[in-house]
Amino acid sequence: MAGLTAGGMAGLKDATAIVGIGQTAFAKQLPESEKTLACRAVLAALDDAGIPPSEVDALASYTMEETDEVELAKAIGAGDLTFFSKVGYGGGGSCATVAHLAAAIATGQASVGVAWRSRKRGSGPRPWKNTAVQLPTPAQWTRPFGLLRPADEIAMLARRYMHEYGASRDHFFNVALACRNRANQNPAAMMYERPLTREMYMTSRWISEPLCLFDNCLETDGALACVIVSKERARDCRRTPVYVHSAAQGLPAQHHGMVNYWNDDPLTGPAWTTARHLWKQADFGPHDVDVAQIYDAFTALVPLSLEGYGFCGRGEGGAFTEGGALEIGGRLPLNTSGGGLSEAYVHGFNLINEGVKQLRGTSTAQVPDASTCLVTAGEGVPTSAILLRN
């Protein structure tokens, strides 16, 4: 979209706000269809905003979303749609759905936008098990050689990161523990009241070495949605508006999937490209962020993202996690609902909703006086990020 270029984003600063959020229950298996879950999350978000479904005129979702705009719009009773978009690359598209709607509303293409993600990953099939389709080009260089799952590809990045910069499993544990501690405070989280100890982590089974069970995200059925309107309309909505301050997408030159083979430095992933444009349009920087929701499909992605988004220097992401830095009261409270590791894995959309809760002051693990929040999408794939403020 032309509106998402670096120059175009300047006109989007605080021009729109998230005014409603909604979600279903999260579980390993839910009986409802993905369409039903999507509708429930969207209707809950609209009710939260105090906006009737008939006023919705814009929709945004992921290319991997099974429920399309036509079916959702009919089912919820939306009005005429004047804007709709889908964003690719799985979890890399989460924040971009908000960015696309913000651009559409700020440029007058729509007035009430809804972004959503509905998924039955807990009870559904694994995408990489479908051998009846031809492999996409990146996978032709990985799957025949044993890298069958995202966990296998990220394991390669994790091992290289450990080798080059001295990161350790203790650093990955710090990420897993911070997320689990926050989930233990969140009754909606799948890992609510299920503590994690260092011994549990260190003795758990390998999924793809050096990534163990607790380095991997959950498998979840569930759905989430949010509602975006102009800043003018936001003042009249039911909830305190949370403004979209800056947004960006990033696809670095010569990028090649999660393994990033062709890049000059495979550990300099899409976060670095996204961050440059994100901060360029913002009135504050990394050290002004009160709380962060950083995509955590795997623990090893978090140190890489901490570096990419400028919270620490090159190779310092592991050390950054030490001393309770990611806990409430630490340098950068992280994934305060439990994130993909311990709340639910719905391609990162729960991170968006949790960012809104933090800036409303309604999180189950509230950071005192939080006024700025970074939300990121999947690192390792073409990605996106948003800065929120209240």
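This structure is a prediction, so every number in the text was calculated from the model and none was measured.
Checked for salt-bridge contact, Lys231 and Asp14 miss the test: no charged N lies under 4.0 Å from a carboxylate O. With respect to the salt-bridge test (charged N to carboxylate O, under 4.0 angstrom), the residues Glu343 and Arg180 do not qualify. Salt-bridge formation is not detected for the pair Arg119/Glu65: no Lys NZ or Arg NE/NH1/NH2 atom is positioned less than 4.0 Å from an Asp or Glu carboxylate oxygen. Using a 4.0 Å cut-off between a side-chain N of Lys or Arg and a carboxylate O of Asp or Glu, Arg238 and Asp47 qualify as a salt bridge. Under 4.0 Å is where a charged nitrogen must lie from a carboxylate oxygen, and between Glu327 and Arg182 at least one such pair does. Of the charged side-chain nitrogens involved, at least one lies within less than 4.0 Å of a carboxylate oxygen, so that Lys35 and Glu71 count as a salt-bridged pair. Salt bridge absent: Glu66 and Lys120 never bring a charged side-chain N and a carboxylate O closer than 4.0 Å. Remark: Asp288 does not engage Arg389 in a salt bridge, criterion side-chain N to carboxylate O under 4.0 Å.
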CA sep, side-chain torsions, deciding dist, call: Gln366, Lys357, side chain to side chain contact (heavy atoms under 4.5 Å, CB included) = CA-CA 8 Å; Gln366 185 61 45; Lys357 292 175 186 177; 5.9 Å; no
Between Arg233 and Glu55, is a salt bridge (Lys or Arg N to Asp or Glu O under 4.0 Å) present by the stated rule, with each step listed?
-> CA-CA 12 Å; Arg233 177 158 188 176; Glu55 294 190 25; 2.3 Å; yes
Test Phe172 against Val302 for side chain to side chain contact (heavy atoms under 4.5 Å, CB included), laying out the working first.
-> CA-CA 8 Å; Phe172 299 158; Val302 172; over 6 Å; no
Run the salt bridge (Lys or Arg N to Asp or Glu O under 4.0 Å) check on Asp48 and Arg239 step by step: do they pass?
-> CA-CA 7 Å; Asp48 189 51; Arg239 304 292 185 187; 2.7 Å; yes
Chi angles and distances behind the side chain to side chain contact (heavy atoms under 4.5 Å, CB included) call for Leu301, Ile154 = CA-CA 8 Å; Leu301 295 180; Ile154 298 304; 3.8 Å; yes
Apply salt bridge (Lys or Arg N to Asp or Glu O under 4.0 Å) to the pair Asp170 and Arg198, showing each step before the final yes or no.
-> CA-CA 9 Å; Asp170 281 311; Arg198 187 178 184 279; 2.8 Å; yes
Trace of the side chain to side chain contact (heavy atoms under 4.5 Å, CB included) decision for Thr274 with Tyr309 = CA-CA 8 Å; Thr274 306; Tyr309 287 98; 3.8 Å; yes
side-chain hydrogen bond (donor to acceptor under 3.5 Å, both in side chains) between Glu69 and Ser61: does it pass, once the steps are laid out?
-> CA-CA 8 Å; Glu69 302 91 348; Ser61 61; 4.8 Å; no
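No hydrogens or angles considered: nothing links the side chains of His171 and Thr321 as a donor-acceptor pair under 3.5 Å. Between the side chains of Gln358 and Ser363, at least one donor N or O lies within less than 3.5 Å of an accepting N or O. Side chains of Glu354 and Thr336: a donor-acceptor N/O pair is present below 3.5 angstrom, by distance only. Between the side chains of Gln109 and Thr107, at least one donor N or O sits under 3.5 Å from an acceptor N or O. A donor atom on one side chain and an acceptor atom on the other are not found under 3.5 Å apart for Tyr89 and Gln249.
Counting heavy atoms from C-beta on, the side chains of Trp272 and Glu307 come closer than 4.5 Å. The closest side-chain heavy-atom distance from Ile105 to Phe83 is not below 4.5 Å. Residues Pro187 and Thr364 meet the side-chain proximity criterion, which asks for heavy atoms closer than 4.5 Å. Here the side chains of Asn390 and Tyr243 are not in contact, with every heavy-atom distance at 4.5 Å or above. Looking at Thr376 and Thr383, their side chains never come closer than 4.5 Å, going by heavy atoms from C-beta outward. Between Phe214 and Leu196 the shortest side-chain heavy-atom distance falls below 4.5 Å. Considering only heavy atoms from C-beta on, Leu374 stays 4.5 Å or farther from Leu388 through its side chain. Proximity of Phe84 to Asp68: side-chain heavy atoms (C-beta onward) are nowhere separated by under 4.5 Å.
The local environment of CD in Glu199 is sparse, with at most 12 non-hydrogen atoms from other residues, nucleotides or ligands closer than 6.0 Å.
For the pair Thr16 (side chain) and Val244 (backbone), a donor-acceptor distance under 3.5 Å is absent. Under a 3.5 Å cut-off, the side chain of Glu379 and the backbone N or O of Ala271 do form a donor-acceptor pair. Remark: side-chain polar atoms of Asp290 are not paired, donor with acceptor, to backbone N or O of Ala370 under 3.5 angstrom. In this structure, the side chain of Ser246 does not engage the main chain of Leu387 through any donor-acceptor pair within 3.5 Å. Using a distance-only test at 3.5 Å, with no hydrogens or angles considered, a donor-acceptor pair links the side chain of Asn186 to the main chain of Ser337. Looking only at distances, no side-chain donor or acceptor of Asn353 sits under 3.5 Å from a matching main-chain atom of Ile21. Remark: the backbone N or O of Ala110 is not paired with any side-chain donor or acceptor of Asp57 at under 3.5 angstrom. Side-chain atoms of Thr273 do not come within 3.5 Å of backbone N or O of Gly250 as any donor-acceptor pair. Between the side chain of Thr36 and the main chain of Glu32, no donor-acceptor pair closer than 3.5 Å is present. With hydrogens and angles disregarded, no donor-acceptor distance shorter than 3.5 Å links the side chain of Gln254 to the backbone of Trp262.
Here the shortest heavy-atom pairing between Ala225 and Ala45 reads O-CB, 3.8 Å. What you find for Ala60 and Leu101 is that their closest heavy atoms are CB-CG, 3.7 Å. Residue Gly50 comes nearest to Pro52 through the heavy atom pair O-CD, 4.1 Å, listed as atom of the first residue, atom of the second, then distance. Minimum interatomic distance between Ser384 and Gly92 (heavy atoms only, all atoms of both residues): OG-O, 2.8 Å. Scanning all heavy atoms of the two residues, the minimum distance from Gly269 to Pro252 falls at C-CG, 4.3 Å. Of all heavy-atom pairs spanning Phe320 and Phe311, the tightest one is CE1-O, 3.4 Å.
Relative to the ring axis of Tyr62, Arg117 places its NZ or CZ within 45° and under 6.0 Å from the centre.
In this structure, Ile328 shares a hydrophobic cluster with Val291, Val367, the cluster being traced through Ile, Leu, Val, Met, Phe, Trp and Tyr side chains under 4.5 angstrom apart.
For the side chain to side chain donor-acceptor pair (under 3.5 Å) with Asn260, the lone residue among Arg160, Glu153, His255 that qualifies is His255. A side-chain contact (heavy atoms from CB on, under 4.5 Å) with Phe298 holds for exactly one of Asp215, Val175, Leu157, Asn216; it is Asn216.
Between His245 and Phe284, the distance from one ring center to the other falls under 6.0 angstrom. In this structure, Tyr345 has its ring center under 6.0 Å from that of His347.
One finds the SG atom of Cys226 at 5.5 Å from the CD1 atom of Ile352 (value rounded to the nearest 0.5 Å). Note: Cys212 SG to Tyr201 OH = 4.0 Å, rounded to the nearest 0.5 Å.
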